[in-house]
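Sequence positions, counted from 1, serve as the residue numbers for this chain.
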Amino acid sequence: MSERGGRLDKAFGAVGSSSFTEFLASHSPQLLPGAQGVTAGQLEAAHGTTIVAATFEGGVVMGGDRRATVGNVIAQRDIQKVFATDEYSCVGIAGTAGIAVEMTRLFQVELEHYEKIEGTTLSTDGKANRLAALIRGNLGMAMQGLAVVPLFAAFDLEREAGRIFAFDVTGNKNEERTFHSVGSGSTFARGSLKKLYRQGMSESEAVTAVIQALYDAADDDTATGGPDLTRRIFPLISVITADGYRAWDEAATAQIADEVIGGRMHRPDGPVAPLTEGGESR
C-alpha cells in the first residue's frame with residue numbers, strides 16, 4: 001500500500017462509515033452545501049418552483065416546470081429541476097436553486113461512493129434517509145431564507161414499484177403512495193392530481209397527468225412557468241421503471257403539452273372529473 005493510499009484508508013477509517021458526506025464533513029466541512037453562511041444582505045438568490053411526481057403501473061414519473069425566479073423577476077426560463085441521482089432514482093429540486101443543485105450533486109456522489117465502498121447499491125429507503133440527512137445539514141441556511149425542499153422518486157427493485165418521498169426543511173421524510181408535489185405551485189398541482197390521478201395508469205397517462213398538473217400550477221402561481229409556445233420550452237419529464245432511469249423524449253413531451261394546451265382552449269380549467277364514483281363528467 002502506497003503512503004498516499006494508506007493516508008486515504010486511514011482517513012476513511014477514522015470516519016467509521018461508507019458515507020462520503022461524513023468524510024467531507026470531517027476533513028473539508030467548508031465544501032458542504034451552505035457551509036459558508038450568509039448575511040442578511042445576501043439573500044437575493046434564484047428559486048426553483050414546482051415539482052410533481054406520480055406513480056403508475058410499473059414505475060414512477062417526475063416532472064418540473066422550467067422557471068426560476070428572484071422575487072417577482074424571472075431569473076431563468078429553462079432551468080433544469082429534475083436530475084438522475086443513480087440508475088433507479090431521481091430528485092426534483094424546489095427552493096434556493098444554487099444550493100439545491102449543489103446538494104443534488106453531493107447526493108449523486110454519496111450514492112456512487114457508497115456503491116464503490118460497499119460493493120452494492122443502497123436500498124430505496126437508505127437513499128431517502130441519506131437525502132434527509134443532507135437536507136437536515138442545510139437547516140441553518142433554511143432558517144436564513146435559503147431553504148431546499150427536494151422531491152425524491154425511485155423504482156424499488158425489491159417491491160417492483162415506483163416510490164415517492166417528500167421532505168421538510170428539517171429533513172423529516174414522508175413516503176407518498178400515489179402522487180405528490182413540492183414548490184410554490186404545489187397546492188394547485190396536488191389539487192389537479194386529486195381529480196386526474198387513478199390507479200393503474202399507464203406511463204403515458206401518468207406523464208399527461210403530470211403535465212396537466214404543472215399547467216394548473218402555472219395557471220395560479222406566478223413563480224411556476226407554463227409551457228412557452230414561442231420559445232418551445234416545456235416541462236422536463238423523467239421516468240423510472242425496472243429498466244432504470246430515463247429522460248422522457250422532448251419531442252413526445254412537446255406533443256403532449258400541445259395537446260394539453262389545445263384542450264385548454266376549449267376548457268380553460270382543464271379536464272373535469274365525474275361528480276361521483278363511476279359517474280359521468282359534465
Minimal heavy-atom distance between Met62 and Ala153, with the atoms involved, is CE-CB, 3.6 Å
Can you tell whether the side chains of Arg163 and Asp125 come within less than 4.0 Å, N to carboxylate O?
yes
Under a 3.5 Å cutoff, is there a donor and acceptor pairing between the side chains of Tyr245 and Ser238?
yes
Taking CD in Glu259 as the centre, count heavy atoms belonging to other residues, nucleotides or ligands within less than 6.0 Å. Is the count above 12?
yes
May I ask you to test the Val109-Glu112 pair for a side-chain heavy-atom distance under 4.5 Å?
no
Using a cut-off of 6.0 Å, state whether more than 12 heavy atoms not belonging to Arg105 lie near its atom CZ.
no
Heavy-atom pair with the smallest gap, counting every atom of Gly171 and Ala132
O-CB, 3.2 Å
For atom NZ of Lys195, is the number of surrounding heavy atoms from other residues, nucleotides or ligands below 6.0 Å larger than 12?
no
Linked hydrophobic residues, Trp248 as query - side chain contacts closer than 4.5 Å:
Val52, Phe56, Val61, Phe179, Leu193, Tyr197, Met201, Val207, Val210, Ile211, Leu214, Tyr215, Leu229, Phe234, Ile237, Val239, Ile256, Val260, Ile261
What heavy-atom pair brings Pro271 and Arg264 nearest, and what distance separates the two atoms?
CD-NH2, 4.4 Å
Strictly below 4.0 Å, N to O, side chains only: are Asp168 and Arg136 in salt-bridge contact?
no
Sole candidate of Thr121, Asp86, Asp156 that passes side chain to side chain donor-acceptor pair (under 3.5 Å) when paired with Lys127
Asp86
Output the distance between atom CG (Leu151) and atom OG (Ser186), rounded to the nearest 0.5 Å.
10.0 Å
Correct closest heavy-atom pair for Thr104 and Phe83 would be CG2-CB, 3.8 Å
I'd like to know if Glu175 pairs up with Arg177 as an ion pair, taking the criterion as any Lys NZ or Arg NE/NH1/NH2 lying under 4.0 Å from an Asp or Glu carboxylate oxygen.
yes
Given the rule that I, L, V, M, F, W and Y join up when any side-chain heavy atoms are under 4.5 Å apart, are Phe107 and Val82 in one cluster?
no
Report the distance from atom CG of Leu157 to atom OG1 of Thr124, rounding to the nearest 0.5 Å.
7.0 Å
Rounded distance (nearest 0.5 Å) linking atom CG of Asp269 with atom CG of Asp219
7.0 Å
From the list Arg67, Arg66, Lys81, side chain to side chain donor-acceptor pair (under 3.5 Å) partner of Thr49 resolves to Lys81
I want to check something: taking the side chain as every heavy atom from C-beta on, are Pro235 and Asp65 in contact at a cut-off of under 4.5 Å?
no
Out of curiosity, Thr222 OG1 to Ile74 CD1, how far, rounded to the nearest 0.5 Å?
9.0 Å
Using distance alone, with no hydrogens and no angle criterion, decide if Thr50 and Thr224 have a side-chain donor and acceptor under 3.5 Å apart.
yes
Look up atom OG1 in Thr55 and atom NE2 in His180, then write down how far apart they are to the nearest 0.5 Å.
13.0 Å
Looking only at side chains, do Asp78 and Gln76 share a donor and an acceptor under 3.5 Å apart?
yes
Reported OG-to-CZ distance for the pair Ser89 and Phe165, which is rounded to 0.5 angstrom:
10.5 Å
Heavy-atom neighbours of Glu250 CD exceed 12 at 6.0 Å
no
Could you pull out the closest heavy-atom pair between Ala75 and Val70, with the gap in Å?
CB-CG2, 3.7 Å
Which atom names give the shortest non-hydrogen contact between Ile51 and Ile93, and what distance separates them?
CG1-O, 3.4 Å
